[in-house]
Protein chains: 2
Amino acid sequence: MNKYENVSMAVIRRLPKYYRYINELIEKDVSRISSYELSKLTGFTASQIRQDLNNFGGFGQQGYGYSVEVLKDELAKILGLDKGYSAIIVGAGNLGQAIANYRSFEDRGFRTLALFEKNPKLIGLKIRDIEIKDLDDIEKFTRENEIDIAIITTPKEQAQDVADKVVSCGIRAIWNFAPIDLKVDKDIIVENVDLNESLYTLSFLLKQNIK
Amino acid sequence: MNKYENVSMAVIRRLPKYYRYINELIEKDVSRISSYELSKLTGFTASQIRQDLNNFGGFGQQGYGYSVEVLKDELAKILGLDKGYSAIIVGAGNLGQAIANYRSFEDRGFRTLALFEKNPKLIGLKIRDIEIKDLDDIEKFTRENEIDIAIITTPKEQAQDVADKVVSCGIRAIWNFAPIDLKVDKDIIVENVDLNESLYTLSFLLKQNIK
DNA sequence: TAGATTGTTAATCGATTAACAATC
DNA sequence: TAGATTGTTAATCGATTAACAATC
(Lines give C-alpha, C1' and ligand atoms only; values in the text may rest on other atoms or scores of the structure.)
Protein backbone atom coordinates (compact mmCIF):
# COMPACT_ATOMS: atom_id res chain seq x y z
CA MET A 1 0.00 0.00 0.00
CA ASN A 2 1.12 3.45 -0.87
CA LYS A 3 0.79 5.35 2.38
CA TYR A 4 1.56 8.82 1.03
CA GLU A 5 0.09 8.46 -2.45
CA ASN A 6 -1.42 11.94 -2.45
CA VAL A 7 1.75 13.78 -1.47
CA SER A 8 3.15 15.76 -4.37
CA MET A 9 6.69 15.39 -5.68
CA ALA A 10 7.29 19.05 -4.86
CA VAL A 11 6.84 18.21 -1.18
CA ILE A 12 8.94 15.05 -1.34
CA ARG A 13 11.87 16.86 -2.91
CA ARG A 14 11.91 19.33 -0.04
CA LEU A 15 12.17 16.60 2.59
CA PRO A 16 15.90 15.91 2.11
CA LYS A 17 16.63 19.57 2.77
CA TYR A 18 14.62 19.52 5.98
CA TYR A 19 16.47 16.40 6.95
CA ARG A 20 19.85 17.97 6.25
CA TYR A 21 19.17 21.07 8.32
CA ILE A 22 17.67 19.04 11.14
CA ASN A 23 20.86 16.98 11.26
CA GLU A 24 22.90 20.17 11.43
CA LEU A 25 20.77 21.28 14.37
CA ILE A 26 21.41 17.98 16.11
CA GLU A 27 25.14 18.50 15.70
CA LYS A 28 24.68 21.89 17.33
CA ASP A 29 22.71 20.30 20.20
CA VAL A 30 19.58 22.26 19.38
CA SER A 31 16.63 20.32 20.77
CA ARG A 32 13.63 22.27 19.49
CA ILE A 33 12.80 24.46 16.52
CA SER A 34 9.78 26.35 15.28
CA SER A 35 8.61 26.40 11.70
CA TYR A 36 9.57 30.06 11.67
CA GLU A 37 13.20 29.38 12.63
CA LEU A 38 13.34 26.49 10.19
CA SER A 39 12.06 28.82 7.48
CA LYS A 40 15.00 31.13 8.07
CA LEU A 41 17.40 28.19 7.68
CA THR A 42 15.88 26.54 4.66
CA GLY A 43 14.43 29.49 2.78
CA PHE A 44 11.00 27.87 2.59
CA THR A 45 8.10 29.67 4.25
CA ALA A 46 7.02 28.65 7.74
CA SER A 47 3.58 27.97 6.38
CA GLN A 48 4.91 25.65 3.75
CA ILE A 49 7.06 23.80 6.25
CA ARG A 50 4.12 23.17 8.55
CA GLN A 51 1.97 22.05 5.66
CA ASP A 52 4.70 19.82 4.23
CA LEU A 53 5.31 18.07 7.53
CA ASN A 54 1.60 17.65 8.19
CA ASN A 55 1.32 15.49 5.12
CA PHE A 56 3.06 12.83 7.18
CA GLY A 57 1.73 13.47 10.67
CA GLY A 58 1.50 16.04 13.41
CA PHE A 59 5.06 16.04 14.64
CA GLY A 60 4.89 19.43 16.30
CA GLN A 61 3.36 20.77 19.44
CA GLN A 62 1.41 24.01 19.70
CA GLY A 63 3.26 26.71 21.56
CA TYR A 64 6.48 24.69 21.48
CA GLY A 65 7.48 23.86 17.93
CA TYR A 66 9.12 20.68 16.78
CA SER A 67 11.45 18.38 18.66
CA VAL A 68 14.59 18.19 16.54
CA GLU A 69 15.18 14.59 17.60
CA VAL A 70 11.64 13.53 16.73
CA LEU A 71 11.76 15.32 13.40
CA LYS A 72 15.04 13.66 12.47
CA ASP A 73 13.69 10.20 13.20
CA GLU A 74 10.39 10.83 11.47
CA LEU A 75 12.04 12.28 8.35
CA ALA A 76 14.44 9.34 8.22
CA LYS A 77 11.50 6.94 8.40
CA ILE A 78 9.51 8.86 5.78
CA LEU A 79 12.48 8.86 3.41
CA GLY A 80 13.17 5.18 4.00
CA LEU A 81 16.62 5.85 5.43
CA ASP A 82 15.92 3.28 8.13
CA LYS A 83 15.54 0.51 5.56
CA GLY A 84 19.22 -0.12 4.86
CA TYR A 85 18.72 -0.42 1.14
CA SER A 86 21.40 -2.30 -0.78
CA ALA A 87 22.80 -1.19 -4.11
CA ILE A 88 25.08 -2.16 -6.95
CA ILE A 89 26.88 0.31 -9.16
CA VAL A 90 27.05 -0.53 -12.84
CA GLY A 91 29.89 1.31 -14.51
CA ALA A 92 33.12 1.64 -12.53
CA GLY A 93 34.53 4.70 -14.23
CA ASN A 94 35.29 7.88 -12.31
CA LEU A 95 31.65 8.56 -11.57
CA GLY A 96 30.91 5.05 -10.34
CA GLN A 97 34.04 5.16 -8.21
CA ALA A 98 33.11 8.58 -6.85
CA ILE A 99 29.78 7.22 -5.68
CA ALA A 100 31.35 4.08 -4.25
CA ASN A 101 33.70 6.32 -2.27
CA TYR A 102 30.99 8.63 -1.04
CA ARG A 103 30.66 7.84 2.65
CA SER A 104 27.59 9.85 3.41
CA PHE A 105 25.35 7.40 1.62
CA GLU A 106 26.32 4.55 3.88
CA ASP A 107 25.97 6.82 6.88
CA ARG A 108 22.32 7.00 5.83
CA GLY A 109 21.98 3.25 5.59
CA PHE A 110 22.71 2.62 1.93
CA ARG A 111 25.10 -0.26 1.30
CA THR A 112 26.95 -0.66 -1.98
CA LEU A 113 27.71 -4.36 -2.39
CA ALA A 114 29.55 -4.37 -5.70
CA LEU A 115 30.51 -2.47 -8.81
CA PHE A 116 30.15 -4.00 -12.27
CA GLU A 117 32.27 -3.09 -15.23
CA LYS A 118 33.01 -4.14 -18.79
CA ASN A 119 36.60 -2.89 -18.94
CA PRO A 120 38.83 -5.88 -17.98
CA LYS A 121 41.50 -3.54 -16.61
CA LEU A 122 39.18 -2.53 -13.81
CA ILE A 123 37.64 -5.91 -13.00
CA GLY A 124 39.07 -7.32 -9.79
CA LEU A 125 40.08 -3.96 -8.34
CA LYS A 126 38.53 -2.71 -5.15
CA ILE A 127 37.10 0.70 -4.25
CA ARG A 128 37.49 0.80 -0.52
CA ASP A 129 36.32 -2.74 0.21
CA ILE A 130 33.88 -2.94 -2.69
CA GLU A 131 34.93 -5.24 -5.49
CA ILE A 132 34.66 -4.39 -9.17
CA LYS A 133 33.16 -7.40 -10.89
CA ASP A 134 32.56 -8.44 -14.45
CA LEU A 135 29.41 -6.95 -15.95
CA ASP A 136 28.34 -10.46 -16.94
CA ASP A 137 28.20 -11.53 -13.30
CA ILE A 138 25.23 -9.32 -12.45
CA GLU A 139 22.69 -12.13 -12.79
CA LYS A 140 24.66 -14.43 -10.55
CA PHE A 141 25.32 -11.73 -7.98
CA THR A 142 21.70 -10.61 -7.79
CA ARG A 143 20.61 -14.20 -7.33
CA GLU A 144 22.91 -14.54 -4.34
CA ASN A 145 22.36 -11.07 -2.87
CA GLU A 146 19.20 -9.07 -2.42
CA ILE A 147 19.70 -5.80 -4.25
CA ASP A 148 17.26 -2.92 -3.99
CA ILE A 149 18.87 -0.28 -6.18
CA ALA A 150 20.95 -0.29 -9.36
CA ILE A 151 23.08 2.79 -9.85
CA ILE A 152 23.81 3.26 -13.54
CA THR A 153 27.00 5.19 -14.26
CA THR A 154 27.84 3.73 -17.64
CA PRO A 155 28.15 5.74 -20.86
CA LYS A 156 24.73 6.52 -22.27
CA GLU A 157 25.07 3.98 -25.07
CA GLN A 158 25.05 1.12 -22.55
CA ALA A 159 22.53 2.51 -20.09
CA GLN A 160 19.35 1.09 -21.61
CA ASP A 161 20.84 -2.42 -21.90
CA VAL A 162 22.01 -2.24 -18.31
CA ALA A 163 18.58 -1.07 -17.20
CA ASP A 164 16.91 -3.96 -19.01
CA LYS A 165 19.32 -6.39 -17.41
CA VAL A 166 18.97 -5.19 -13.83
CA VAL A 167 15.18 -5.06 -14.16
CA SER A 168 15.17 -8.62 -15.45
CA CYS A 169 17.22 -9.53 -12.37
CA GLY A 170 14.40 -8.23 -10.18
CA ILE A 171 15.79 -4.84 -9.20
CA ARG A 172 12.95 -2.36 -8.73
CA ALA A 173 14.75 0.97 -8.49
CA ILE A 174 17.32 2.65 -10.72
CA TRP A 175 19.44 5.69 -9.94
CA ASN A 176 20.38 6.75 -13.43
CA PHE A 177 23.29 9.06 -14.23
CA ALA A 178 23.22 8.47 -17.98
CA PRO A 179 21.65 11.31 -19.96
CA ILE A 180 18.81 9.31 -21.46
CA ASP A 181 15.21 8.56 -20.50
CA LEU A 182 15.28 4.89 -19.66
CA LYS A 183 12.37 2.88 -20.96
CA VAL A 184 11.22 0.60 -18.17
CA ASP A 185 7.97 -0.81 -16.78
CA LYS A 186 6.04 1.85 -14.97
CA ASP A 187 6.32 0.02 -11.66
CA ILE A 188 10.11 0.43 -11.78
CA ILE A 189 11.34 3.56 -10.04
CA VAL A 190 13.83 5.66 -11.96
CA GLU A 191 15.48 8.69 -10.45
CA ASN A 192 17.64 10.61 -12.89
CA VAL A 193 20.65 12.76 -12.18
CA ASP A 194 20.99 14.73 -15.37
CA LEU A 195 24.21 16.71 -15.36
CA ASN A 196 23.54 18.20 -18.77
CA GLU A 197 20.23 19.59 -17.62
CA SER A 198 21.90 21.12 -14.60
CA LEU A 199 24.83 22.63 -16.49
CA TYR A 200 22.62 24.01 -19.26
CA THR A 201 20.40 25.65 -16.68
CA LEU A 202 23.47 27.26 -15.13
CA SER A 203 24.57 28.36 -18.58
CA PHE A 204 21.17 29.90 -19.28
CA LEU A 205 21.17 31.82 -16.01
CA LEU A 206 24.76 32.96 -16.51
CA LYS A 207 23.93 34.27 -19.97
CA GLN A 208 20.95 36.18 -18.56
CA ASN A 209 23.03 37.62 -15.79
CA ILE A 210 25.82 38.93 -17.97
CA LYS A 211 23.79 40.65 -20.66
CA MET B 1 19.56 43.24 -19.58
CA ASN B 2 17.70 40.15 -18.67
CA LYS B 3 15.93 39.21 -21.85
CA TYR B 4 13.84 36.37 -20.48
CA GLU B 5 13.27 37.64 -16.98
CA ASN B 6 9.66 36.56 -16.85
CA VAL B 7 10.27 32.97 -17.90
CA SER B 8 9.77 30.56 -15.02
CA MET B 9 12.39 28.07 -13.86
CA ALA B 10 9.96 25.27 -14.63
CA VAL B 11 10.18 26.22 -18.30
CA ILE B 12 13.94 26.65 -18.27
CA ARG B 13 14.52 23.21 -16.79
CA ARG B 14 12.56 21.65 -19.61
CA LEU B 15 14.71 23.26 -22.31
CA PRO B 16 17.66 20.86 -21.97
CA LYS B 17 15.33 17.93 -22.58
CA TYR B 18 13.95 19.55 -25.72
CA TYR B 19 17.50 20.18 -26.80
CA ARG B 20 18.51 16.58 -26.20
CA TYR B 21 15.63 15.12 -28.19
CA ILE B 22 16.10 17.63 -30.99
CA ASN B 23 19.73 16.52 -31.27
CA GLU B 24 18.61 12.91 -31.45
CA LEU B 25 16.29 13.85 -34.29
CA ILE B 26 19.14 15.52 -36.12
CA GLU B 27 21.19 12.35 -35.85
CA LYS B 28 18.25 10.53 -37.39
CA ASP B 29 18.07 13.10 -40.19
CA VAL B 30 14.59 14.20 -39.26
CA SER B 31 14.11 17.73 -40.56
CA ARG B 32 10.72 18.75 -39.14
CA ILE B 33 8.63 17.89 -36.11
CA SER B 34 5.28 18.95 -34.72
CA SER B 35 4.61 19.75 -31.10
CA TYR B 36 2.45 16.63 -31.04
CA GLU B 37 5.28 14.34 -32.14
CA LEU B 38 7.66 16.07 -29.76
CA SER B 39 5.16 15.49 -26.98
CA LYS B 40 5.28 11.76 -27.63
CA LEU B 41 9.08 11.83 -27.37
CA THR B 42 9.46 14.02 -24.33
CA GLY B 43 6.36 13.18 -22.34
CA PHE B 44 5.36 16.84 -22.04
CA THR B 45 2.06 17.90 -23.57
CA ALA B 46 2.02 19.45 -27.03
CA SER B 47 0.35 22.49 -25.58
CA GLN B 48 3.09 22.94 -23.04
CA ILE B 49 5.80 22.55 -25.64
CA ARG B 50 4.27 25.23 -27.86
CA GLN B 51 3.84 27.54 -24.92
CA ASP B 52 7.36 26.90 -23.62
CA LEU B 53 8.97 27.63 -26.97
CA ASN B 54 6.87 30.72 -27.50
CA ASN B 55 8.44 32.29 -24.46
CA PHE B 56 11.52 32.71 -26.62
CA GLY B 57 10.05 33.37 -30.04
CA GLY B 58 7.83 31.91 -32.71
CA PHE B 59 10.10 29.23 -34.11
CA GLY B 60 7.34 27.18 -35.70
CA GLN B 61 5.20 27.52 -38.73
CA GLN B 62 1.47 26.88 -38.89
CA GLY B 63 0.54 23.77 -40.76
CA TYR B 64 4.15 22.61 -40.82
CA GLY B 65 5.56 22.38 -37.33
CA TYR B 66 9.11 23.17 -36.30
CA SER B 67 12.29 22.90 -38.31
CA VAL B 68 14.57 20.61 -36.30
CA GLU B 69 17.64 22.50 -37.44
CA VAL B 70 16.19 25.88 -36.47
CA LEU B 71 15.02 24.58 -33.12
CA LYS B 72 18.44 23.14 -32.33
CA ASP B 73 20.18 26.42 -33.07
CA GLU B 74 17.62 28.49 -31.21
CA LEU B 75 17.70 26.26 -28.12
CA ALA B 76 21.50 26.33 -28.13
CA LYS B 77 21.42 30.12 -28.25
CA ILE B 78 18.76 30.36 -25.52
CA LEU B 79 20.77 28.06 -23.27
CA GLY B 80 24.01 29.92 -23.93
CA LEU B 81 25.66 26.88 -25.48
CA ASP B 82 27.08 29.13 -28.20
CA LYS B 83 29.03 31.16 -25.65
CA GLY B 84 31.93 28.77 -25.12
CA TYR B 85 31.96 29.26 -21.36
CA SER B 86 35.19 28.40 -19.58
CA ALA B 87 35.37 26.55 -16.29
CA ILE B 88 37.68 25.38 -13.56
CA ILE B 89 37.05 22.38 -11.37
CA VAL B 90 37.93 22.73 -7.72
CA GLY B 91 38.43 19.34 -6.12
CA ALA B 92 40.17 16.71 -8.21
CA GLY B 93 38.82 13.62 -6.52
CA ASN B 94 36.83 11.02 -8.41
CA LEU B 95 33.93 13.36 -9.00
CA GLY B 96 36.08 16.22 -10.26
CA GLN B 97 37.95 13.81 -12.50
CA ALA B 98 34.70 12.33 -13.76
CA ILE B 99 33.52 15.76 -14.84
CA ALA B 100 36.88 16.62 -16.39
CA ASN B 101 36.62 13.42 -18.40
CA TYR B 102 33.07 14.02 -19.50
CA ARG B 103 33.32 14.84 -23.18
CA SER B 104 29.77 15.89 -23.81
CA PHE B 105 30.27 19.17 -21.97
CA GLU B 106 32.99 20.32 -24.32
CA ASP B 107 30.91 19.14 -27.27
CA ARG B 108 28.47 21.81 -26.07
CA GLY B 109 31.11 24.48 -25.87
CA PHE B 110 32.19 24.25 -22.26
CA ARG B 111 35.95 24.29 -21.77
CA THR B 112 37.58 23.08 -18.57
CA LEU B 113 40.89 24.88 -18.25
CA ALA B 114 42.22 23.43 -15.01
CA LEU B 115 41.52 21.40 -11.91
CA PHE B 116 42.58 22.61 -8.46
CA GLU B 117 43.35 20.35 -5.56
CA LYS B 118 44.77 20.39 -2.05
CA ASN B 119 46.13 16.86 -2.03
CA PRO B 120 49.82 17.11 -3.13
CA LYS B 121 49.71 13.59 -4.53
CA LEU B 122 47.33 14.75 -7.24
CA ILE B 123 48.90 18.12 -8.05
CA GLY B 124 50.77 18.00 -11.35
CA LEU B 125 48.81 15.08 -12.76
CA LYS B 126 46.72 15.53 -15.87
CA ILE B 127 43.18 14.43 -16.66
CA ARG B 128 43.22 14.12 -20.41
CA ASP B 129 45.13 17.31 -21.15
CA ILE B 130 43.83 19.26 -18.17
CA GLU B 131 46.36 19.90 -15.44
CA ILE B 132 45.67 19.49 -11.73
CA LYS B 133 47.07 22.55 -10.01
CA ASP B 134 47.59 23.62 -6.44
CA LEU B 135 44.48 25.04 -4.79
CA ASP B 136 46.51 28.10 -3.83
CA ASP B 137 47.08 28.95 -7.48
CA ILE B 138 43.45 29.80 -8.19
CA GLU B 139 43.97 33.57 -7.82
CA LYS B 140 46.92 33.59 -10.16
CA PHE B 141 45.19 31.38 -12.70
CA THR B 142 41.99 33.41 -12.75
CA ARG B 143 43.99 36.58 -13.23
CA GLU B 144 45.63 35.09 -16.30
CA ASN B 145 42.56 33.30 -17.69
CA GLU B 146 38.99 34.42 -17.97
CA ILE B 147 36.89 31.90 -16.12
CA ASP B 148 33.10 31.89 -16.23
CA ILE B 149 32.22 28.92 -14.06
CA ALA B 150 33.69 27.29 -10.96
CA ILE B 151 32.73 23.66 -10.51
CA ILE B 152 32.98 22.73 -6.85
CA THR B 153 33.59 19.04 -6.21
CA THR B 154 35.38 19.29 -2.87
CA PRO B 155 34.16 17.70 0.35
CA LYS B 156 31.41 19.78 1.91
CA GLU B 157 33.68 21.10 4.65
CA GLN B 158 35.74 23.04 2.10
CA ALA B 159 32.97 24.09 -0.24
CA GLN B 160 32.07 27.42 1.36
CA ASP B 161 35.71 28.54 1.53
CA VAL B 162 36.19 27.60 -2.08
CA ALA B 163 33.04 29.47 -3.05
CA ASP B 164 34.25 32.58 -1.23
CA LYS B 165 37.58 32.33 -2.96
CA VAL B 166 36.31 31.90 -6.51
CA VAL B 167 33.79 34.69 -6.04
CA SER B 168 36.55 36.97 -4.80
CA CYS B 169 38.43 36.06 -7.98
CA GLY B 170 35.55 37.41 -10.03
CA ILE B 171 33.84 34.16 -11.01
CA ARG B 172 30.09 34.75 -11.33
CA ALA B 173 28.70 31.22 -11.58
CA ILE B 174 29.15 28.13 -9.43
CA TRP B 175 28.18 24.58 -10.23
CA ASN B 176 28.09 23.10 -6.77
CA PHE B 177 28.26 19.38 -6.02
CA ALA B 178 28.80 19.75 -2.28
CA PRO B 179 25.69 19.07 -0.20
CA ILE B 180 25.41 22.50 1.37
CA ASP B 181 23.64 25.75 0.54
CA LEU B 182 26.47 28.10 -0.38
CA LYS B 183 26.16 31.60 1.00
CA VAL B 184 27.06 33.99 -1.79
CA ASP B 185 25.97 37.40 -3.06
CA LYS B 186 22.62 37.17 -4.76
CA ASP B 187 24.10 38.20 -8.13
CA ILE B 188 26.24 35.05 -8.14
CA ILE B 189 24.56 32.13 -9.86
CA VAL B 190 24.66 28.84 -8.01
CA GLU B 191 23.35 25.64 -9.51
CA ASN B 192 23.38 22.71 -7.12
CA VAL B 193 23.64 19.04 -7.90
CA ASP B 194 22.48 17.44 -4.70
CA LEU B 195 23.06 13.71 -4.81
CA ASN B 196 21.63 13.21 -1.35
CA GLU B 197 18.36 14.84 -2.36
CA SER B 198 18.18 12.64 -5.39
CA LEU B 199 19.01 9.40 -3.59
CA TYR B 200 16.61 10.14 -0.72
CA THR B 201 13.84 10.82 -3.19
CA LEU B 202 14.53 7.47 -4.82
CA SER B 203 14.54 5.86 -1.39
CA PHE B 204 11.18 7.44 -0.54
CA LEU B 205 9.61 6.24 -3.77
CA LEU B 206 11.07 2.76 -3.38
CA LYS B 207 9.67 2.48 0.12
CA GLN B 208 6.23 3.55 -1.13
CA ASN B 209 6.37 1.09 -3.97
CA ILE B 210 7.26 -1.92 -1.87
CA LYS B 211 4.69 -1.55 0.87
C1' DT C 1 -8.27 25.32 -51.56
C1' DA C 2 -8.32 22.01 -47.60
C1' DG C 3 -5.67 20.17 -43.99
C1' DA C 4 -2.46 20.71 -40.57
C1' DT C 5 -0.46 22.89 -36.91
C1' DT C 6 1.07 26.91 -34.74
C1' DG C 7 0.59 30.97 -31.46
C1' DT C 8 -2.13 32.61 -27.96
C1' DT C 9 -6.03 33.33 -24.95
C1' DA C 10 -9.14 31.29 -21.58
C1' DA C 11 -10.16 27.60 -18.26
C1' DT C 12 -8.52 24.44 -15.08
C1' DC C 13 -5.72 22.54 -11.92
C1' DG C 14 -2.34 22.38 -8.33
C1' DA C 15 0.85 24.47 -5.23
C1' DT C 16 1.95 28.19 -2.15
C1' DT C 17 0.79 31.63 1.12
C1' DA C 18 -2.16 33.76 4.50
C1' DA C 19 -5.05 33.52 8.31
C1' DC C 20 -6.70 31.90 12.49
C1' DA C 21 -8.88 28.69 15.72
C1' DA C 22 -7.05 25.05 18.52
C1' DT C 23 -4.09 23.93 22.08
C1' DC C 24 0.24 23.15 24.41
C1' DT D 1 -3.30 31.95 32.73
C1' DA D 2 -0.97 34.33 28.73
C1' DG D 3 2.01 33.62 24.99
C1' DA D 4 3.59 30.94 21.43
C1' DT D 5 3.13 28.10 17.75
C1' DT D 6 0.99 24.38 15.56
C1' DG D 7 -2.51 22.17 12.37
C1' DT D 8 -5.67 23.22 9.00
C1' DT D 9 -8.85 25.75 6.13
C1' DA D 10 -9.44 29.49 2.86
C1' DA D 11 -7.43 32.73 -0.45
C1' DT D 12 -4.09 33.58 -3.77
C1' DC D 13 -0.92 32.75 -7.05
C1' DG D 14 1.29 30.37 -10.78
C1' DA D 15 1.67 26.64 -13.95
C1' DT D 16 -0.55 23.45 -16.99
C1' DT D 17 -4.04 22.14 -20.16
C1' DA D 18 -7.70 23.03 -23.40
C1' DA D 19 -9.53 25.45 -27.10
C1' DC D 20 -9.53 27.81 -31.25
C1' DA D 21 -8.61 31.60 -34.46
C1' DA D 22 -4.77 32.62 -37.41
C1' DT D 23 -2.15 31.11 -41.13
C1' DC D 24 1.16 28.36 -43.64
Side-chain angles (χ1 to χ4, degrees), chain A residues 2-18 21-22 25 30-75 78 197 201 204, chain B residues 2-18 21-22 25 30-75 78 197 201 204:
Chain A
N2 200 326
K3 207 171 156 194
Y4 305 127
E5 228 164 15
N6 46 341
V7 179
S8 78
M9 280 305 288
V11 174
I12 294 159
R13 292 198 180 275
R14 280 192 292 270
L15 298 179
K17 195 162 182 177
Y18 296 137
Y21 276 104
I22 286 295
L25 290 171
V30 177
S31 63
R32 54 173 279 206
I33 190 155
S34 67
S35 57
Y36 171 69
E37 292 170 278
L38 202 47
S39 80
K40 284 192 294 183
L41 287 177
T42 59
F44 306 130
T45 65
S47 190
Q48 184 165 60
I49 291 168
R50 293 201 299 280
Q51 214 176 52
D52 281 357
L53 296 176
N54 264 81
N55 281 297
F56 305 99
F59 307 133
Q61 211 172 333
Q62 280 101 328
Y64 177 86
Y66 298 86
S67 155
V68 171
E69 196 65 46
V70 167
L71 215 45
K72 175 183 163 268
D73 292 345
E74 292 292 345
L75 284 168
I78 293 162
E197 184 197 295
T201 302
F204 174 91
Chain B
N2 200 324
K3 208 172 156 195
Y4 305 125
E5 227 164 15
N6 46 342
V7 179
S8 78
M9 280 305 288
V11 174
I12 295 158
R13 292 199 181 275
R14 281 192 292 270
L15 298 180
K17 195 163 181 177
Y18 296 138
Y21 276 104
I22 286 294
L25 290 171
V30 177
S31 63
R32 54 173 279 204
I33 189 155
S34 68
S35 56
Y36 171 68
E37 290 170 280
L38 202 46
S39 80
K40 284 192 294 182
L41 286 177
T42 59
F44 305 132
T45 64
S47 190
Q48 184 165 60
I49 291 168
R50 291 201 300 279
Q51 214 175 52
D52 281 357
L53 295 176
N54 265 80
N55 281 297
F56 306 98
F59 307 133
Q61 211 174 333
Q62 282 101 328
Y64 176 86
Y66 299 86
S67 154
V68 171
E69 196 66 45
V70 167
L71 214 46
K72 175 184 163 267
D73 291 345
E74 292 292 345
L75 285 167
I78 294 163
E197 184 198 294
T201 302
F204 174 90

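Letters go in sequence order (proteins before strands), and every chain restarts at 1. Owing to the predicted nature of the structure, the values given are computational and were not obtained by experimental measurement. The figures here come from the full heavy-atom set of this structure, side chains too, leaving out hydrogens, waters and symmetry mates.
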Can you tell me the distance, in whole Å, between the [atom1] atom of [X] and the [atom2] atom of [N]?
| X | N | atom1 | atom2 | answer |
| --- | --- | --- | --- | --- |
| A:Leu38 | D:dT6 | CG | C1' | 13 Å |
| B:Arg13 | D:dT16 | CZ | P | 13 Å |
| B:Asn55 | D:dA15 | CG | P | 10 Å |
| A:Tyr36 | C:dC20 | OH | P | 20 Å |
| A:Met9 | C:dT16 | CE | C1' | 18 Å |
| A:Phe59 | D:dT5 | CZ | C1' | 17 Å |
| B:Asn54 | D:dT17 | CG | C1' | 15 Å |
| A:Ile49 | D:dG7 | CD1 | C1' | 14 Å |

Closest heavy-atom pair and its distance - [X], [Y]:
| X | Y | result |
| --- | --- | --- |
| A:Tyr36 | A:Ser39 | O-OG, 2.6 Å |
| A:Ile12 | A:Val7 | CD1-O, 3.9 Å |
| B:Tyr66 | B:Phe59 | CD2-C, 3.8 Å |

Is the distance from OP1 or OP2 of [N] to the nearest side-chain N or O of [X] less than 4.0 Å?
| X | N | answer |
| --- | --- | --- |
| A:Tyr66 | C:dC24 | no |
| B:Thr45 | D:dT17 | yes |
| B:Ser35 | C:dT5 | no |
| A:Arg50 | D:dT6 | yes |
| A:Gln48 | C:dT16 | yes |

Drop me the distance from [X]'s [atom1] to [Y]'s [atom2], to the nearest 0.5 angstrom.
| X | Y | atom1 | atom2 | answer |
| --- | --- | --- | --- | --- |
| B:Gln48 | B:Leu53 | CD | CG | 10.5 Å |
| A:Ile78 | A:Leu15 | CD1 | CG | 6.0 Å |
| A:Lys72 | A:Ser67 | NZ | OG | 11.0 Å |

For the side chain of [X], counting heavy atoms from C-beta on, which of [options] is nearest?
| X | options | value |
| --- | --- | --- |
| A:Ser47 | C:dT17, D:dA19, C:dT5 | C:dT17 |
| B:Ser8 | D:dA19, C:dT6, D:dA15 | D:dA15 |
| B:Gln62 | C:dT23, D:dC24, D:dT16 | D:dC24 |

- Message: Categorize A:Ser34 for me: base, sugar-phosphate, or nothing, with a 4.0 angstrom heavy-atom threshold over every strand shown.
- Response: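 Sugar-phosphate contact only.
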- Message: Classify B:Phe44 by what it touches in the nucleic acid, base, sugar-phosphate, or nothing, heavy-atom distance under 4.0 Å.
- Response: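 Contact class for B:Phe44: none.
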- Query: Is DNA chain C part of any stem, that is, at least 3 consecutive Watson-Crick or G-U pairs with both distances under 3.5 Å, and where?
  - Reply: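 Only these stems qualify: C:3-24 with D:3-24.
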- Check the angle between the aromatic planes of A:Tyr4 and A:Phe56 and answer parallel, tilted or perpendicular using the 30° and 60° thresholds.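 Perpendicular: the ring planes of A:Tyr4 and A:Phe56 meet at over 60°.
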- Map B:Gln51 and B:Ile33 onto DNA chain C by nearest heavy atom, then report which one ends up closer to the 5' terminus.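 On the 5' side of the pair lies B:Ile33.
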- Does a distance-only test, which skips hydrogens and angles, find a donor-acceptor pair under 3.5 Å between the side chain of A:Gln61 and the base of D:dT5?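 There is none.
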- For B:Arg14, which residues count as a salt bridge (charged side-chain N to carboxylate O under 4.0 Å, His left out) partner, sequence neighbours excluded?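 Partners of B:Arg14 under the salt bridge (charged side-chain N to carboxylate O under 4.0 Å, His left out) test: B:Asp52.
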